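Here is the structure we will look at, set down as C-alpha cells.
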Amino acid sequence: DKKQVTEIIETLKKGPLDPNVEVVLGIPAIYLAYVKSIVPDSIEVAAQNCWKVAKGAFTGEISPAMIKDIGSNWVILGHSERRTIFKESDELVAEKVAHALESGLKVIACIGETLEEREAGKTEEVVFRQTKALIPAIGDKWANVVLA
C-alpha cells in the first residue's frame, strides 16, 4: 500500500546509498506514478511487467510506452512467478524483452529454475535455455540489460 511504499522510500532517502551503485525499485503498476512523484532522482523505478506490443486490446496490461510516459526507465521481465503462475514461456519473455528494449526501457531479465528443477539437477539446463531465448531479443543492447 502507499503507506508501506512511502516508508520504504523514506528509509532509502535516509541512506546512505553508495553513489557507485544504481538502485532500482520494482513497483506494482498501480503505484508507479506515485512512487515516481516521491522518489529522489538518484533512485530508479521499474515496472514489474509490461506487454510485448505498444497498443491494442490487452486489458490490464501496461506497455513500455506507458511506463516511459510516467517517467520510469526500467521494467522487470521473466520473473519466476510470471513464468510459473501465468505460464509465460521463454519465447514470450523474449518478445517482451525485445519490445521493451526497442521502446527505450532498461530491462531486468529474470532467469532461474523452479525448486523442482533444482532438486532434479536441471539448474544449468534451465538457465541456459532461458538465456539462449533472450540472446536474439537483446541483440546489441546488453548495456541496457541486467540478468537476475
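Below, each value reflects all heavy atoms present in this structure, side chains not excepted, and no hydrogens, waters or symmetry copies. Keep in mind that this is a model prediction, so the values were computed, not measured.
Considering only heavy atoms from C-beta on, K106 stays 4.5 Å or farther from V146 through its side chain. Using a 4.5 Å cut-off on side-chain heavy atoms (C-beta onward), C110 and I76 make contact. Under the 4.5 Å side-chain criterion, counting only non-hydrogen atoms from C-beta, Q130 is not in contact with V93. In this structure the side chain of E22 reaches within 4.5 angstrom of the side chain of E44, judged on heavy atoms. Side chains of L147 and L134 form a contact here, defined as non-hydrogen atoms less than 4.5 Å apart. No side-chain heavy atom of S80 sits under 4.5 Å from any side-chain heavy atom of T114.
Note: H79 NE2 to R82 CZ = 10.5 Å, rounded to the nearest 0.5 Å. The distance from atom CD1 of I43 to atom CD1 of I9, rounded to the nearest 0.5 Å, is 6.0 Å. Going from atom CG of D1 over to atom CD1 of I30 covers 11.5 Å, rounded to the nearest 0.5 Å. E124 contributes atom CD, which lies 14.0 Å from atom NZ of K122 (distance to the nearest 0.5 angstrom). How far CG of N49 is from CD of E81: 11.5 Å, rounded to the nearest 0.5 Å. Atom CD1 of residue I27 and atom CD of residue Q48 lie 7.0 Å apart, to the nearest 0.5 angstrom.
Atom CG of L115 is surrounded by more than 12 heavy atoms from other residues, nucleotides or ligands within 6.0 Å. Atom NZ of K68 sits in a crowded spot, with more than 12 heavy atoms from other residues, nucleotides or ligands closer than 6.0 Å.
Using a cut-off of 4.0 Å between Lys/Arg side-chain N and Asp/Glu carboxylate O, K96 and E88 are scored as salt-bridged.
Of all heavy-atom pairs between K141 and L101, the closest is CD-CB, 3.7 Å. For the pair V126 and G112, the tightest heavy-atom approach, listed with the atom from each and the gap, is CG1-O, 3.8 Å. The nearest pair of heavy atoms linking C50 to P64 is SG-CG, 3.8 Å. Nearest heavy atom pair, residue A137 against residue A94, reads CB-O, 3.2 Å. Nearest heavy-atom pair, A47 versus S72, reported as atom, atom and distance to 0.1 Å: N-OG, 4.4 Å.
For the ring pair (Phe, Tyr, Trp, His ring centres under 6.0 Å) test, residues two or more places apart in sequence or in another chain that qualify with W51 are F58. Residues passing the side chain to side chain donor-acceptor pair (under 3.5 Å) test with K52 are E95, sequence neighbours excluded. The side chain to side chain donor-acceptor pair (under 3.5 Å) check on E7 picks up K3, with sequence neighbours excluded. Annotation: salt bridge (Lys or Arg N to Asp or Glu O under 4.0 Å) contacts of K132 (sequence neighbours excluded): none. Residues forming a salt bridge (Lys or Arg N to Asp or Glu O under 4.0 Å) with E10 (at least two apart in sequence, or on another chain): K13. Remark: T6 engages Y34 in a side chain to side chain donor-acceptor pair (under 3.5 Å) (not counting sequence neighbours).
With R118 contributing its side chain and T123 its backbone, the two residues share no donor-acceptor pair below 3.5 Å. Side chain of K36 to main chain of G71: a donor-acceptor pair is present (N/O by atom type, distance under 3.5 Å, no hydrogens or angles).
Residues L105 and V23 share a single hydrophobic cluster, defined by chaining ILVMFWY side chains whose heavy atoms lie under 4.5 Å apart. A single hydrophobic cluster is seen to contain both V45 and Y31, as judged by linkage of ILVMFWY side chains at heavy-atom distances under 4.5 Å, directly or through other members. Residues W74 and I62 do not share a hydrophobic cluster, defined by chaining ILVMFWY side chains whose heavy atoms lie under 4.5 Å apart. Note on L32 and V35: same hydrophobic cluster, where clusters join Ile, Leu, Val, Met, Phe, Trp and Tyr whose side-chain heavy atoms are under 4.5 Å apart, directly or indirectly. Under the 4.5 Å side-chain contact rule for hydrophobic residues, F86 and L77 do not share a cluster.
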Trace of the side-chain contact (heavy atoms from CB on, under 4.5 Å) decision for I111 with F128: CA-CA 9 Å; I111 56 173; F128 180 79; over 6 Å; no
